[in-house]
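Notes follow the structure.
Since the model is a prediction, treat every value here as computed from it, not as a measurement.
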There are 2 protein chains.
Amino acid sequence: MPITGRKALNRAGMRFTSQRALIMEIIRRGRGHLDADEIYRQARGKEPRLSLSTVYRTLQMLKKLNVVDELHFDESHHHYEVKHSAEHYHLKCLGCGKVVEFSYPLSSYLKENVPAARDFDITVTEVSMSGYCARCRRGR
Amino acid sequence: MPITGRKALNRAGMRFTSQRALIMEIIRRGRGHLDADEIYRQARGKEPRLSLSTVYRTLQMLKKLNVVDELHFDESHHHYEVKHSAEHYHLKCLGCGKVVEFSYPLSSYLKENVPAARDFDITVTEVSMSGYCARCRRGR
DNA sequence: AATTTAATTGCAAATGATTAGCATTACTAA
DNA sequence: TTAGTAATGCTAATCATTTGCAATTAAATT
């Protein structure tokens, strides 16, 4: 089940290219939260001539098509993941860098409980928590 | 009531300089959520020779001293605000850019309700929601 | 108050992440 | 098959932030 098929792209006036197929494949497989550079590195393994610009352009496109989410951890670059159907968030360990996901219907919860959110039409909710996982906590 | 007095800095082996005083003053007054460049622009009104490096260095210092928080909206640069005592988060309007704050004890709520968060020692929780405020929603 | 010394500054240049310009390539529709 | 035009791969630009270093200057010491 491809993320975005040839037809879907064509319908939008876009083209299905080998580079895009490759990049989408990498994002889909890499269950983690890849950043542009990691995607680039993996892609070059298959297609050494592929450029970093293409990675960025494809990422922008997928973001616009609502296929991937861009995550902002406390870093200078972004991470990307395939859009999940279920609402979920991230918990990042400052010790080992591990990222734990958890599902939670936070946006509806907040909408109900936060007065300020009530007359807002909220389209994006981003939560990122960090701290130390059990293992790393012990080692300190 | 200065954010960080001369004594507090000296105790930490640091110096109290006019530049730092000015930058802290600007952050404290600018109730909003200033970015480095805005702070720089305001500071230059008073001290035209002050450099952007100094702004960044001071910001890093204040972050380390736990005096300011660095906020990551969905932008390529960061924003800064004086650390509040009360836990609060942000709601940003994608139409007019307005940022609304709301207080909410979210971290303890999540700690209680999210199993994955239970054995984590959470030190930072960041939430940012965006959407359209009532006024902007009408204009669409 | 004068002297010392090490933190801080300003400037310029470096870095890292991302974007843009443009000639060339290669999907697609006709 | 071909014409038309997205998309690619370069390289160079941009934006935000950091760094190196010589010149200042705050604060501890005399």
Side-chain angles (χ1 to χ4, degrees), chain A residues 2 4-27 33-41 43-65 67-68 70-80, chain B residues 2 4-27 33-65 68 70-80:
Chain A
T4 297
R6 189 192 315 280
K7 282 181 195 166
L9 286 183
N10 292 347
R11 221 176 300 122
M14 323 190 84
R15 293 173 183 177
F16 188 85
T17 65
S18 65
Q19 293 91 332
R20 285 179 175 173
L22 175 58
I23 291 170
M24 292 189 236
E25 179 63 13
I26 288 171
I27 297 175
H33 310 94
L34 308 176
D35 57 32
D37 209 64
E38 175 63 22
I39 294 169
Y40 178 54
R41 231 172 305 133
R44 293 201 114 197
K46 286 271 176 193
E47 291 210 28
R49 297 184 44 91
L50 182 138
S51 84
L52 184 54
S53 306
T54 298
V55 172
Y56 276 109
R57 279 187 285 231
T58 303
L59 250 15
Q60 290 302 52
M61 180 199 84
L62 293 174
K63 213 170 55 158
K64 198 158 292 173
L65 293 180
V67 173
V68 304
E70 187 179 73
L71 308 175
H72 306 100
F73 294 132
D74 185 0
E75 292 184 87
S76 54
H77 59 273
H78 306 145
H79 290 251
Y80 299 85
Chain B
T4 298
R6 182 183 272 94
K7 281 182 195 164
L9 286 183
N10 292 346
R11 222 178 297 122
M14 323 190 84
R15 294 174 181 176
F16 187 84
T17 66
S18 63
Q19 292 91 330
R20 285 178 175 173
L22 175 58
I23 292 169
M24 292 190 239
E25 179 64 13
I26 288 171
I27 297 174
H33 309 93
L34 308 176
D35 56 31
D37 209 66
E38 176 62 23
I39 294 168
Y40 178 53
R41 232 171 307 131
Q42 290 190 29
R44 293 200 115 198
K46 286 269 176 193
E47 290 210 28
R49 298 185 43 90
L50 181 137
S51 84
L52 185 54
S53 307
T54 298
V55 171
Y56 275 109
R57 281 188 283 231
T58 302
L59 250 14
Q60 289 303 54
M61 180 199 87
L62 293 174
K63 213 169 57 157
K64 198 158 291 172
L65 293 180
V68 304
E70 187 179 74
L71 307 176
H72 307 100
F73 294 130
D74 184 0
E75 292 184 85
S76 54
H77 60 272
H78 306 144
H79 289 251
Y80 299 86

Report the distance from atom [atom1] of [X] to atom [atom2] of [N], rounded to the nearest whole Å.
{"X": "Q19(B)", "N": "dA7(C)", "atom1": "CD", "atom2": "C1'", "value": "12 Å"}
{"X": "L22(B)", "N": "dT8(C)", "atom1": "CG", "atom2": "C1'", "value": "15 Å"}
{"X": "H79(B)", "N": "dT17(D)", "atom1": "NE2", "atom2": "C1'", "value": "14 Å"}
{"X": "I23(B)", "N": "dT8(C)", "atom1": "CD1", "atom2": "C1'", "value": "11 Å"}
{"X": "L59(A)", "N": "dT8(D)", "atom1": "CG", "atom2": "C1'", "value": "16 Å"}
{"X": "E47(A)", "N": "dG9(D)", "atom1": "CD", "atom2": "C1'", "value": "12 Å"}
{"X": "K64(B)", "N": "dT8(C)", "atom1": "NZ", "atom2": "P", "value": "12 Å"}
{"X": "E70(A)", "N": "dA17(C)", "atom1": "CD", "atom2": "P", "value": "14 Å"}

Legend entry - Geometric class of the H78(B)/Y80(B) ring pair [parallel <30°, tilted 30-60°, perpendicular >60°]: perpendicular
Side-chain N,O ([X]) to OP1/OP2 ([N]) below 4.0 Å:
{"X": "T54(A)", "N": "dA7(D)", "value": "no"}
{"X": "S53(B)", "N": "dG10(C)", "value": "no"}
{"X": "R6(B)", "N": "dA27(D)", "value": "yes"}
{"X": "Q60(B)", "N": "dT17(D)", "value": "no"}
{"X": "H77(A)", "N": "dT18(C)", "value": "no"}
{"X": "H78(B)", "N": "dT17(D)", "value": "yes"}

Under 4.0 angstrom, heavy atoms only, what part of the nucleic acid is [X] near: base, sugar-phosphate, or nothing?
{"X": "N10(A)", "result": "sugar-phosphate"}
{"X": "L50(A)", "result": "sugar-phosphate"}
{"X": "D37(A)", "result": "nothing"}

Tell me, do [X] and [Y] make a side-chain contact under 4.5 Å, heavy atoms counted?
{"X": "M24(A)", "Y": "V67(A)", "result": "no"}
{"X": "I23(B)", "Y": "L50(B)", "result": "yes"}
{"X": "E47(B)", "Y": "L22(B)", "result": "yes"}
{"X": "K64(B)", "Y": "Q60(B)", "result": "no"}

Would you mind telling me which of [options] lies closest to the side-chain atoms of [X]?
{"X": "M14(A)", "options": "dT19(C), dG10(C), dA7(D)", "value": "dA7(D)"}
{"X": "L52(B)", "options": "dC22(C), dT9(C), dT17(D)", "value": "dT17(D)"}
{"X": "S51(B)", "options": "dT9(C), dA29(C), dG10(C)", "value": "dG10(C)"}
{"X": "Y56(B)", "options": "dG10(C), dT18(D), dT8(D)", "value": "dT18(D)"}

Legend entry - 5′-ward residue of the pair R49(B)/R15(B) relative to DNA chain C: R15(B)
Legend entry - Comparing F16(B) and R44(B) on DNA chain C - which has the more 5′ nearest nucleotide: F16(B)
Inset, instruction - Please report the shortest heavy-atom distance between V55(A) and A36(A), naming the atom on each side. - result: CG1-O, 3.8 Å
